[in-house]
Structure formats: structure tokens, C-alpha cells
S.K.: 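Below is one structure. I have some questions about it.
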Amino acid sequence: MKKLLIHGPARLAGTISSSGAKNAALPLLAASLLAEEEVELHNVPQVQDIRTMLRLLEHLGVENEQLGDTVLLRPTGRASPDEAPYELVKTMRASVLALGPLLARRGHARVSLPGGCAIGVRPIDLHLSGLEALGAAVELQHGYVEARARRLVGGRFRFSTPTVGGTENLLMAASLARGTTVLENCAREPEIVDLARMLSAMGAVIEGAGEETITIEGQDSLGGAHHSVIPDRIQDGTYLIAAAMTRGDVLVEGARPADLAPLLEKLDEIGALVETTDRGIRLRHEGEIRPRGIVTEPFPGFPTDLQAQYMALMTQAKGSSTVVETVFENRFQHVLELVRMGADIRIDGSYARVHGPAQLSGASVMATDLRASASLVLAGLVAEGETRVHRIYHLDRGYERMESKLQKLGARVERID
Ligand code: UD1
């Protein structure tokens with residue numbers, strides 16, 4: 001199995017370019033199931049989750065051709081299954097995003113239930129009750145969701161809690177429903193706005209994406225589109241945190257300040273110099289890091305997907321800080337590994353108390369999920385000596401060429417077998 005070997009400590013300096021957002025590209029790819037014509041997607045990141053989604057789409061009858069970071073998606077019209085099998089869903093929960101578009105376009109969908117994952121239970125009950133509100137008959141059997149509707153009918157649905165995937169599934173399904181759908185208490189993440197933009201280019205009529213209430217006028221059919229995926233705010237944020245941690249000077253070209261506002265505010269508070277320009281975001285830091293707490297929340301709050309990386313940063317701050325995780329119930333698995341590297345962190349339920357600055361020392365550590373892996377890499381950058389991050393297949397699900405980006409910034413990082 002592949003590992004990442006990091007020789008610390010490092011100071012990161014230089015310029016890197018943003019990659020396309022995995023979490024935006026996944027629903028955009030799923031939306032190609034709705035199209036009657038070719039969809040051309042640009043700036044698609046080359047990460048494992050995208051390869052998995054392309055395999056699923058092929059299975060469902062959408063052919064793809066890849067030219068660098070451009071992916072052409074063509075509906076084949078051939079008879080193909082309406083089913084997302086367990087083998088694919090178990091490696092990537094986002095396969096559940098096929099449910100809404102399949103059901104809306106073909107009247108039937110069978111998708112394996114994703115089950116829990118390393119960071120929490122992660123039910124999809126709201127996806128299902130939302131589809132029921134549009135007239136679908138939903139059954140759970142043998143570990144699969146089976147949904148049917150001759151034609152979905154527009155309706156009103158309120159999410160009891162904002163869900164990113166749930167909002168995306170419903171947005172796609174409602175675009176082909178008969179009549180008007182009103183979705184309330186929607187997730188407001190930039191990835192949802194990106195999805196609505198592409199659906200609109202395909203002919204959908206959507207108002208309010210990025211706000212709590214979204215109104216969709218369903219269409220009889222949707223065409224193709226040319227669309228460019230937004231930059232990956234989580235990857236960009238990870239490199240900005242790395243720059244602060246290593247007292248570096250890094251420009252992330254293409255990074256969008258509005259998408260990263262809650263992180264940039266914190267980076268400013270800890271004493272880093274954050275400059276936003278037309279080119280992207282530059283962060284410089286020297287001297288002490290001030291401790292500042294965070295509470296993860298749905299957008300526009302502090303993203304749970306940057307919590308682990310921010311906690312690694314706080315191990316280097318002078319004093320105590322509190323990290324509160326409110327989105328997922330089991331998202332502190334990086335803590336034990338950070339502690340093994342010398343961090344002083346105590347957990348009490350969804351609260352973590354970090355005391356710093358800790359002199360971290362390189363160790364062999366185990367990645368448990370995608371973002372936890374990134375936090376261990378960051379810790380490795382400031383640790384004395386050699387850090388080996390095992391199980392980096394987690395990292396490869398969502399970070400594009402991480403080691404080459406870090407090498408470009410001067411870190412000594414290599415991938416080993
Ligand atoms: C997406 C992101 C993930 C990120 C998360 C929160 C993708 C592919 N993944 O995941 O990286 O960490 O948003 O920003 O975009 N919930 C329910 N019932 C449901 C659906 C969700 O109770 O039917 C709960 C979840 O258990 C969780 C919370 O809602 O506690 C938010 O989850 P959700 O926004 O749905 O996350 P994902 O879309 O799975």
C-alpha cells in the first residue's frame with residue numbers, strides 16, 4: 001500500500017494552482033444522467049472519487065471521454081441498468097447522487113444504501129422523504145433503496161436540517177418534475193450554486209440556489225451544457241492552513257475568497273497576513289500563531305471538511321483553543337494520531353481542547369478518512385524528522401497531486417510503496 005513520507009520541518013513558499021472541486025464535480029457528473037445531449041465539463045479534478053463516479057455513469061449508460069481535465073459525457077441511449085450497485089456505493093457515498101436524476105429521467109432507480117462511514121452515521125432519510133414529496137414511491141429492501149414514479153410532480157419540501165447531497169439530489173430530480181417545486185432550509189454551499197448554474201445551462205429554471213429557499217420550474221427535458229467546475233475550496237483552504245502552520249508564503253492561484261470566507265477570517269485572527277487579489281489568495285505568516293476556536297457549521301459557517309486541518313494548525317498556536325464539531329458525530333479520528341505525534345488535545349464529546357504550541361515529532365500515522373489524512377500531512381510538515389502517513393488512498397479520493405503541490409512549495413514529500 002502506498003504511503004506518504006514527509007521529512008519535516010518545512011517552510012512552504014511559492015505559488016500553486018487551485019484544482020477543480022471534487023464535491024462540485026460529483027453532482028455535476030451525476031447531472032449528466034438528466035441530459036439528452038452531450039455535457040462538456042472542464043476543470044474536473046483527477047482524483048479517485050471522480051474515477052469512481054465515471055465508472056458508475058458508464059454502468060448507467062453515460063459514456064465518457066477524458067481529455068486532460070475536460071470530460072465529455074454522452075448519453076448512449078442503449079438499454080442500461082437503473083441501479084447503483086453496492087460495489088461502487090461502498091467506495092464512494094456520493095454514488096447516492098445518481099438517485100434523483102435516475103428516478104426523474106427513467107422513472108425508476110435502485111441505489112445501494114451507503115451505510116455509515118468513518119466520520120458518522122450519515123443517513124439519507126432526507127433525500128428519500130424529499131423524493132416522496134415529489135410523488136416517488138420509495139422502498140428499502142435488501143440494503144437497497146428502490147424508488148419509482150412515472151413522472152415526478154413538483155411539490156414543497158422542507159429539509160429538517162440542511163444537507164448538501166440531499167439538496168443536490170432534489171434539485172436534480174425537481175428539474176425534470178411536472179410543475180413547480182419549492183425546497184426550504186436548503187444547504188447553501190458553493191457546490192450547490194455551481195450545480196444550479198449547470199442545470200440552468202441545460203435548460204432548467206431555478207431560482208434561489210445559495211439561499212435557504214430554492215424554487216424549481218420542472219421541464220419536460222434537459223439538453224447538454226458546457227460548464228467549468230468551481231475551484232476546490234477545501235483543497236485551497238488546506239494549503240493556506242499549511243502556509244500559516246509552516247510560517248510560509250503561499251499564493252493559491254484561482255482560489256475564491258468568498259467560498260473560503262470563514263477560514264480566511266480565522267487565519268486573519270491568528271495573525272496571518274491574508275491578501276486576496278484577482279489572481280487568488282496569498283497567505284504569509286511569521287512569528288507566533290494566536291489560538292482561536294472554531295465551530296463547524298453548514299455554509300456559510302466554518303466547513304467541517306477543514307476542521308481536522310485547522311486543528312493541526314491549532315497544535316502550533318500559543319495557548320488554548322476549542323474546536324467544536326457540530327456536523328458529523330465522529331469526526332475526531334485524527335486526534336489520536338496527532339497526539340501520537342506530540343500534540344496536546346483532549347476530547348469531550350463534540351468538543352476538542354487543543355493546547356499549544358506542541359513540538360511535534362515525526363511518526364508513522366494512519367489515515368482514517370479523507371480530511372483526517374490531510375491534517376496528518378500538515379502535522380508532518382511541522383514535525384521534526386520523518387512522518388509516514390499510511391493508507392493514503394483516503395487522501396487520493398480528494399486531493400489532486402498533493403505531493404507534487406507540496407514539493408513545488410519546497411516540502412520534502414514523497415510517495416512510497
Ligand atoms: C457533503 C460533502 C462532505 C461534507 C458534507 C458537509 C460531498 C460529496 N460531500 O456530504 O465532504 O463533509 O457535505 O459539508 O459533497 N443528514 C441527515 N439525513 C440526510 C442527509 C444528511 O441526517 O438525509 C445529516 C448528516 O448525517 C450530517 C448532516 O446532515 O450530520 C450534513 O450532511 P450532508 O450535508 O448531507 O453531507 P453530504 O452531502 O453527505
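Atom set for the values below is all heavy atoms of this structure, side chains included, hydrogens, waters and symmetry mates excluded. One-based numbering, in listed order, for ligands and for the atoms of each.
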S.K.: With respect to Asn23, determine whether any N or O atom, backbone or side chain, lies less than 3.5 Å from an N or O atom of ligand 1.
M.R.: yes

S.K.: Ignoring angles and geometry beyond distance, decide whether Asp125 reaches within less than 3.5 Å of ligand 1 through its nitrogen or oxygen atoms.
M.R.: yes

S.K.: With Glu403 as reference, evaluate Arg415, Lys2, Lys408 under the salt bridge (charged side-chain N to carboxylate O under 4.0 Å, His left out) test and give the passing residue.
M.R.: Arg415

S.K.: Count the heavy atoms belonging to other residues, nucleotides or ligands that lie under 6.0 Å from CZ of Arg353, then report whether that count exceeds 12.
M.R.: yes

S.K.: Measure the distance from atom 25 (C) of ligand 1 to every protein heavy atom, then report the residue, atom name and distance (to 0.1 Å) of the closest one.
M.R.: Phe328 CE2, 4.2 Å

S.K.: Is any N or O atom of Glu329, backbone or side chain, closer than 3.5 Å to an N or O atom of ligand 1?
M.R.: no

S.K.: Near Arg51 CZ, under 6.0 Å, is it more than 12 heavy atoms from other residues, nucleotides or ligands?
M.R.: yes

S.K.: Tell me: protein heavy atom nearest atom 31 (C) of ligand 1, and distance?
M.R.: Val327 CG1, 3.9 Å

S.K.: Students should be able to answer this: which protein heavy-atom is nearest to atom 35 (O) of ligand 1, and at what distance?
M.R.: Thr163 OG1, 2.7 Å

S.K.: Please check if any side-chain donor atom of Glu207 sits under 3.5 Å from a side-chain acceptor atom of Thr215, or the reverse.
M.R.: no

S.K.: Tell me whether the count of non-hydrogen atoms from other residues, nucleotides or ligands lying under 6.0 Å of CD in Glu329 goes above 12.
M.R.: yes

S.K.: For ligand 1, find out whether one of its N or O atoms is nearer than 3.5 Å to an N or O atom of Arg371.
M.R.: no

S.K.: Would you say OH of Tyr393 has more than 12 non-hydrogen atoms from neighbouring residues, nucleotides or ligands within 6.0 angstrom?
M.R.: yes

S.K.: Side-chain contact, heavy-atom cut-off 4.5 Å: Ser160 with Leu126?
M.R.: yes

S.K.: Using a 3.5 Å cut-off on N or O atoms only, is Leu26 in polar contact with ligand 1?
M.R.: no

S.K.: Are more than 12 heavy atoms from other residues, nucleotides or ligands located less than 6.0 Å from atom OH of Tyr144?
M.R.: yes

S.K.: Below 4.0 angstrom from a heavy atom of Ile124, which ligand 1 atoms are there? Numbered from 1 as shown, please.
M.R.: 19 (C), 23 (O)

S.K.: Specify the closest pair of heavy atoms between Gly280 and Leu251, including all atoms of both residues, with the distance to one decimal.
M.R.: C-CD1, 4.3 Å

S.K.: Checking contacts here: is it the side chain or the backbone of Arg331 that comes within 4.0 Å of ligand 1, counting heavy atoms only? Could be both or neither.
M.R.: side chain

S.K.: Is the shortest distance from a heavy atom of Met53 to ligand 1 less than 4.0 Å?
M.R.: no

S.K.: Do the charged groups of Glu269 and Lys266 touch, with an N to O distance under 4.0 Å?
M.R.: yes

S.K.: Quick check: does Gly165 get an N/O under 3.5 Å from an N/O on ligand 1?
M.R.: yes

S.K.: Identify the closest protein heavy atom to atom 34 (O) of ligand 1: which residue and atom is it, and at what distance?
M.R.: Val164 N, 2.7 Å

S.K.: What do the steps show when you test Asp49 against Arg93 for salt bridge (Lys or Arg N to Asp or Glu O under 4.0 Å), and what is the final call?
M.R.: CA-CA 9 Å; Asp49 274 9; Arg93 298 178 47 82; over 6 Å; no

S.K.: With a 4.0 Å cut-off on heavy atoms, does His127 reach ligand 1?
M.R.: yes

S.K.: Heavy-atom count around Gln407 CD within 6.0 Å, excluding the residue itself: above 12?
M.R.: yes

S.K.: Mark up the atoms of ligand 1 that fall under 4.0 Å of a heavy atom belonging to Arg122, in ascending order.
M.R.: 10 (O), 26 (O), 37 (P), 39 (O)

S.K.: Heavy atom of Pro123 under 4.0 Å from ligand 1?
M.R.: yes

S.K.: Of the choices Leu126, Asp305, Leu128, which has the non-hydrogen atom that lies closest to atom 12 (O) of ligand 1?
M.R.: Asp305

S.K.: Can you tell me which portion of Thr304 lies within the under-4.0 Å heavy-atom range of ligand 1? Options are side chain, backbone, both, or neither.
M.R.: side chain

S.K.: Which residue holds the protein heavy atom closest to atom 29 (O) of ligand 1, what is that atom called, and what is the gap in Å?
M.R.: Thr161 CG2, 4.1 Å

